[in-house]
Structures are given as C-alpha cells and as structure tokens.
There are 2 protein chains.
Amino acid sequence: MKDNNDMPGHLARRFQQIAVAVFLAEVGEAGFDLTPVQYAALATIKANPELDQVTLAGLIAYDRTTITGVVDRLVQKGLVERRASPRDRRARALEITDEGRRTLRKITPAVESAQAIMLRGLSAREGEELMRLLRKAIAAGNELSRAPLREVDLKA
Amino acid sequence: MKDNNDMPGHLARRFQQIAVAVFLAEVGEAGFDLTPVQYAALATIKANPELDQVTLAGLIAYDRTTITGVVDRLVQKGLVERRASPRDRRARALEITDEGRRTLRKITPAVESAQAIMLRGLSAREGEELMRLLRKAIAAGNELSRAPLREVDLKA
DNA sequence: CAATATTGATCAGTATACTGACTATCAGTA
DNA sequence: TACTGATAGTCAGTATACTGATCAATATTG
C-alpha cells in the first residue's frame, strides 16, 4: 500500500501548511498582521498601479471570488484603496496607500526570513532544486486549477 | 525585487492548489465525491481500527479542530462510523464501514492517476527528487505548524 | 444598431485550516 | 481521596479556495 509520503498531493499540502505557519509566525513577531495571501496581493498592487481585481487575481493565481475578500481586508486595514476604474465602469482600480507602502517596506525582512526557514532542512543547492522542480511542475499544471497564473501585458 | 517564483511559500501554495484541483477532477470523473483530505482520513481509519480522532489527526497532520468536520462528513456519507471508545469516555472510536471499504477500493485508480498528473511536467527522476526534497523540508519544519505529524505506537 | 456574448465583481454555500476557549474526562500525586 | 494537570472533542470566529449564480457593463457581430 502506498504511503502518504509517496503522494505528491499529501506532501504538497503539508509543505504549504508549514509555509503558512512559518510566514505568520515571522511576520507576527515583526509586529504585523498580514497573511501570505494578503502580502502577495499587496506587493502586486504596489507594482501595478490602477490594477483591476481580475488582473490581480491572474498575476498571483487566486480565484476571482477569493480576491474580493482579500482586497476587502487590505482596504479595511488601510493598506489599499479601491476606486472606480476610469476606463471600465465594471472594474475597480486598486491603489496602494502610503501606509501600505510603509508596511510593505518594513515587513520585507520578516518575509525573507520566513522563506529561509521553510527551507531550513535543505542545503542551498537543494533549496534551489526544490524551487526549480516546483516551478516546472506548476508550469505544466497551470491550466488545471480554476485560478491559473495569467501573465498580462500591463502597459496597455 | 524578489519575484513570486523565487518564494518557496508562493510555489507551495500554487502546487497545492493544482494538486487539489487535479485530485478532485480525477476522483470526480471516476464518479466519487471525496476530497483529498477526506480520502487520506478514510484510508487512515481503514488502516487503524478503533482509531480516535486526535491520533488520526496526528497521523495525517491535520489540526484537531479540522478533523471534527472531516469525520462529520465521512459519517454523513456513510463511509465511517463514530462510536464511543470502550477505553476512554472522552474519545470516539472510528471505524470504516463496508461502503467506506468499497469506496476506497474503487477510488484508488483515480487517486493514483491524480498523483501522476500532478507531476506530469517532470521526468520520473525529477518527480522522485521533488518528493525527496519535500519530505526533507517537511521533516525539518514539522514542529512549526500547529498540526505536526505524530507517529504513534498503535498497538498499545 | 440591436441582439448576443463576454467580462468584472460580488454573493451564497461548502470545505479546509487555524486561534482560542470550553466541557468532560482521565491520570498523577499530595 | 481530593487536587492538579493534561487530554479528547467540540464550538465560535476568521481566512483562504472553490462551485455556481447573478448583475451590470462592455464587446462583438449579424
């Protein structure tokens, strides 16, 4: 009988579980209250002014129904503003606030330390190899989830 | 600036997301309605008669507050029975039903095909290496999540 | 340009995960 | 045995994820 430890699905779940716990612990110790998902969204909003929610979802591979709540919480924390888009009255244009920028800047060391802790059982070479293999498997499976990654031409 | 693709946390989330989608698609096509989490719980209950919920949680690294709902749903589907433990009046003794056994047997091909699809971008060697590195990283981080894996002496 | 299709956002409902609290019970010890 | 501490299970509350539906607005096309 196949052991759990031979199931990539089980290993995926477990690694993710640890990754989230480590992220929350590091960020929490640094005095911030931000989830991994909120962090990625905030960083992406900062990098792409006037981003709408669907495009944001595509850039970080979130489901469009999930992004609504994530942005809600970022807005509630005062890190992001949700305005009406000037080009499309259906869309919201997201903008990072000054406090969002400040938070992002101050939180970075904790985020990077979290990434290191997740890989602490591996040598640097192994860590690189793990990331390479994950990237490759993810690229091949991108279209299999409801929320695939979408690279977008943003200068439009 | 660090790209998402250099963040093990982001890759972990993404790989897990694809793994769950693939599992649900394969199992659904085979005519079953079972999540990855429910499947692992069911298989573990089958392998360990009279298992209590905390031990079950430890064997598959679920949070004890999560296991309640998972077992609820297995019971509701008629795949598991939740009895009073003969030894400890606090505990529940979980038993797989005949239908649970049948389901587990018939669902196995779909589960294995799902595991293969998750790795379809990788060669066999790369797939093995990915699992090895995940196992190693997970072992090092086991205690960092609220729901660590607990290997238990079950013949007690 | 009118009918149709598509798209951005949200909502209701379900299923993990986790935090923190609580009850009932058990185990160890003074 | 009475006290203390630990343990099994559950619950309320919050945050991802996803399914499927809906509404409003935009695009497409006959």
Side-chain angles (χ1 to χ4, degrees), chain A residues 9-10 12-14 16-25 28 33-41 51-58 60-77 82-85 87-94 144-148 150 152, chain B residues 9-10 12-14 16-25 28 33-41 51-58 60-77 82-85 87-94 144-148 150 152:
Chain A
H10 184 260
R13 181 188 148 280
R14 195 77 189 88
Q16 220 261 321
Q17 182 181 41
I18 291 168
V20 171
V22 167
F23 185 100
L24 291 177
D33 172 32
L34 214 60
T35 66
V37 158
Q38 289 164 16
Y39 170 79
L51 197 59
D52 67 287
Q53 293 187 188
V54 166
T55 309
L56 168 60
I60 47 187
Y62 293 6
D63 193 275
R64 72 187 190 288
T65 62
T66 301
I67 213 77
T68 300
V70 174
V71 172
D72 277 353
R73 288 180 278 277
L74 288 174
V75 168
Q76 202 185 347
K77 289 175 184 175
R82 194 195 244 135
R83 303 180 193 153
S85 163
R87 293 187 233 82
D88 186 334
R89 274 189 298 167
R90 289 170 302 182
R92 310 302 157 93
L94 305 174
L144 301 178
S145 80
R146 167 160 140 163
R150 297 275 176 236
V152 186
Chain B
H10 184 260
R13 182 188 148 281
R14 196 78 189 86
Q16 220 262 321
Q17 182 181 42
I18 291 168
V20 172
V22 167
F23 185 101
L24 292 177
D33 172 32
L34 212 62
T35 67
V37 157
Q38 290 165 15
Y39 169 79
L51 196 59
D52 68 285
Q53 294 187 187
V54 166
T55 310
L56 168 60
I60 46 186
Y62 293 6
D63 194 274
R64 74 185 189 288
T65 62
T66 300
I67 212 77
T68 301
V70 174
V71 172
D72 277 352
R73 287 179 280 277
L74 289 175
V75 168
Q76 203 186 349
K77 289 175 184 176
R82 194 195 245 134
R83 303 180 192 152
S85 163
R87 292 188 233 81
D88 186 335
R89 274 189 298 166
R90 290 168 303 180
R92 311 299 159 94
L94 304 174
L144 301 178
S145 79
R146 167 161 140 163
R150 294 277 176 237
V152 186

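All heavy atoms count here, side chains included; hydrogens, waters and symmetry mates do not. In the text below, chain A, chain B and the rest are named by the order of the sequence lines, each starting its count at 1. In this text, all values refer to a predicted model and were calculated from it rather than measured experimentally.
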Out of C/dA9, C/dT16, C/dC26, which has the shortest distance to the side chain of A/Thr68?
C/dA9

In whole angstrom, what separates A/Asp52's CG from D/dA25's P?
16 Å

Just the rounded figure in Å: distance from C1' of C/dA17 to CG of B/Asp72.
15 Å

For D/dC18, give the paired nucleotide (Watson-Crick: N1-N3 plus N6-O4 or O6-N4; G-U: N1-O2 and O6-N3; both under 3.5 Å), or none.
C/dG13

Is there a donor-acceptor pair closer than 3.5 Å between any side-chain N or O of B/Gln17 and the backbone N or O of A/Ala61?
yes

If you measure from CG on A/Asp88 to CG on A/Asp52, what distance do you get to the nearest 0.5 Å?
8.0 Å

First of A/Leu24 and A/Ala93 reached from the 5' end of DNA chain C, by closest nucleotide:
A/Ala93

Hey, mind stepping through B/Arg13 and A/Tyr62 against side chain to side chain contact (heavy atoms under 4.5 Å, CB included) and telling me if it holds?
CA-CA 10 Å; B/Arg13 182 188 148 281; A/Tyr62 293 6; 2.7 Å; yes

Counting heavy atoms from C-beta on, name the nucleotide in D/dC11, D/dA8, D/dA21 closest to the side chain of A/Arg64.
D/dA21

Picking from D/dT26, C/dC18, C/dA9, the nucleotide nearest the side-chain atoms of A/Arg89 would be D/dT26

Does D/dT16 have its OP1 or OP2 closer than 4.0 Å to a side-chain nitrogen or oxygen of B/Gln16?
no

Do B/Arg90 and D/dT7 share a donor-acceptor pair, side chain to base, under 3.5 Å?
yes

What is the distance, to the nearest angstrom, from the CZ atom on A/Arg150 to the C1' atom on C/dT7?
14 Å

Of A/Gln17 and B/Lys77, whose nearest nucleotide on DNA chain C comes first from the 5' end?
B/Lys77

Given C/dC18, D/dA15, D/dC18, which nucleotide is nearest the side-chain atoms of A/Ser145?
D/dC18

Nearest-angstrom distance from the residue atom CZ of B/Phe23 to C1' of D/dT19
18 Å

B/Arg73 side chain, from C-beta outward: closest of C/dT10, D/dT16, C/dT16
C/dT16

Has the side chain of B/Lys77 got a donor or acceptor atom that lies under 3.5 Å from a matching backbone atom of B/Leu34?
no

Quick one: is D/dT7 close enough that its OP1 or OP2 comes under 4.0 Å of any side-chain N or O from B/Arg87?
no

Of the candidates C/dA17, C/dG8, C/dA15, the side chain of B/Thr66 sits closest to C/dA17

Sugar-phosphate only, base, or nothing, as touched by B/Ala147 at under 4.0 Å among non-hydrogen atoms:
sugar-phosphate

Proximity to the side chain of A/Val54 - top-ranked nucleotide from D/dA8, D/dT16, C/dA9:
C/dA9

Between A/Arg92 and C/dT10, does any side-chain N or O lie under 4.0 Å from OP1 or OP2?
yes

Can you check side chain to side chain contact (heavy atoms under 4.5 Å, CB included) on B/Leu94 and B/Val75, steps first, answer last?
CA-CA 10 Å; B/Leu94 304 174; B/Val75 168; 5.9 Å; no

Taking CG from A/Leu34 and C1' from D/dT14, how many angstroms apart are they, rounded to a whole number?
15 Å

From CD1 of A/Ile67 across to P of D/dA17 the rounded distance in Å is 10 Å

Out of C/dA9, D/dT16, C/dT25, whichever nucleotide has its closest atom nearest the side chain of A/Gln53:
C/dA9

Options C/dA17, D/dT16, D/dC18, nucleotide nearest the side-chain atoms of A/Arg13:
C/dA17

Separation of atom CG in A/Asp33 from atom C1' in D/dG13, rounded to whole Å:
14 Å

Starting at the 5' end of DNA chain D and moving along, which residue's nearest nucleotide shows up first, A/Asp63 or B/Arg82?
B/Arg82

Using 0.5 Å steps for rounding, measure from the CD atom of A/Gln38 to the CG atom of A/Asp72.
10.5 Å

First locate atom CZ of B/Arg82, then atom OG1 of B/Thr68, and finally report the distance between them rounded to the nearest 0.5 Å.
6.5 Å

Taking the side chain of B/Arg146 as its heavy atoms from C-beta onward, which of C/dT19, C/dA15, D/dC18 lies nearest to it?
C/dT19

Within this structure, what is the CG-to-P distance between A/Leu74 and D/dT16, rounded to whole angstrom?
8 Å

With a 4.0 Å limit, can you tell me whether A/Thr35 has a side-chain N or O closer than that to the phosphate oxygens OP1/OP2 of D/dT16?
yes

